[in-house]
Amino acid sequence: QVQLVESGGGLVQPGGSLRLSCAATGSIFSINDMGWYRQAPGKQRQFVATITNGGSTNYADSVKGRFTISRDNAKNTVYLQMNSLKPDDAAVYYCNAKIRRRDWPLTLDDYWGQGTQVTVSS
């Protein structure tokens, strides 16, 4: 069984920072892209950032220059450093990973974390 376990959400004032973490656990053969998405109340889930296993990154325009995605391949963990947070950044943040399981490495499966709440308010 493969799971993504997120941590690091919380309440922060506008202009503040938070760091999210997401660890992939279980019977993992390999991990391709990892990323973060977010969903605000009444809105669709939207892309935030992704990172390949080689370290190439891609960001939504709304977070460029403020958020940084990184990963530790040895720990199967992806991070999202969020700086200069705005009220519009408030949402449930979901981790995503494309994973090949050890028991069936022929297919690349899509996994999601349970979500972590980020609230930006004074």
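- For the pair N76/I28, a side-chain contact is recorded, criterion being any heavy-atom separation below 4.5 Å from C-beta on.
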One pair to check against side chain to side chain contact (heavy atoms under 4.5 Å, CB included): L80 and F67. What are the steps and the verdict? CA-CA 7 Å; L80 185 69; F67 290 11; 4.2 Å; yes
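- Under the 4.5 Å side-chain criterion, counting only non-hydrogen atoms from C-beta, K86 is in contact with R66.
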Evaluate Q13 against V120 for side chain to side chain contact (heavy atoms under 4.5 Å, CB included), listing each step before the verdict. CA-CA 5 Å; Q13 292 186 343; V120 184; over 6 Å; no
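- Residues A40 and A90 come closest through the heavy atom pair CB-O, 3.8 Å.
- Looking only at atom types and distance, the side chain of K98 has a donor-acceptor partner in the side chain of N96 under 3.5 Å away.
- Residues D109 and R100 form no side-chain contact, since every pair of their non-hydrogen atoms from C-beta on lies 4.5 Å or further apart.
- Closest approach of S122 to P14, counting heavy atoms only: N-CD, 3.7 Å.
- Note: the hydrophobic cluster containing I99 does not contain Y79 (ILVMFWY, side chain heavy atoms under 4.5 Å, direct or indirect links).
- Counting all heavy atoms, side chain and backbone alike, D103 lies closest to P105 at C-CD, 3.8 Å.
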Show me the side-chain donor-acceptor pairs of residues 2-11 shorter than 3.5 Å, one per line, residues at least two apart or across chains.
{"from": "E6", "atom 1": "OE1", "to": "G115", "atom 2": "N", "distance (Å)": "2.9"}
{"from": "E6", "atom 1": "OE1", "to": "T116", "atom 2": "N", "distance (Å)": "3.1"}
{"from": "E6", "atom 1": "OE2", "to": "C95", "atom 2": "N", "distance (Å)": "2.6"}

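- Once rounded to the nearest 0.5 Å, the distance linking CZ of R45 with CZ of R38 reads 13.0 Å.
- The side-chain hydrogen bond (donor to acceptor under 3.5 Å, both in side chains) check on N83 picks up S17, Q81, with sequence neighbours excluded.
- With sequence neighbours excluded, no residue forms a side-chain hydrogen bond (donor to acceptor under 3.5 Å, both in side chains) with Q114.
- Residues V78 and I51 form a side-chain contact, since some pair of their non-hydrogen atoms from C-beta on lies under 4.5 Å apart.
- The side-chain heavy atoms of N73 and I31, taken from C-beta on, include no pair separated by under 4.5 Å.
- For D88, there are no side-chain hydrogen bond (donor to acceptor under 3.5 Å, both in side chains) partners, not counting sequence neighbours.
- Under the 4.5 Å side-chain criterion, counting only non-hydrogen atoms from C-beta, L108 is in contact with N32.
- Here the side chains of Y59 and I69 are in contact, with some heavy-atom distance below 4.5 Å.
- Through direct or relayed side-chain contacts under 4.5 Å between Ile, Leu, Val, Met, Phe, Trp and Tyr, W112 connects to Y37, F47, V92, Y94.
- For K43, the side-chain hydrogen bond (donor to acceptor under 3.5 Å, both in side chains) test picks out no residue, with sequence neighbours left out.
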Does the pair S30 and R101 meet the rule for a side chain to side chain contact (heavy atoms under 4.5 Å, CB included), with working shown? CA-CA 7 Å; S30 65; R101 300 198 323 260; over 6 Å; no
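- In terms of modelled atom types and a separation under 3.5 Å, the side chain of R71 and the main chain of T77 share no donor-acceptor contact.
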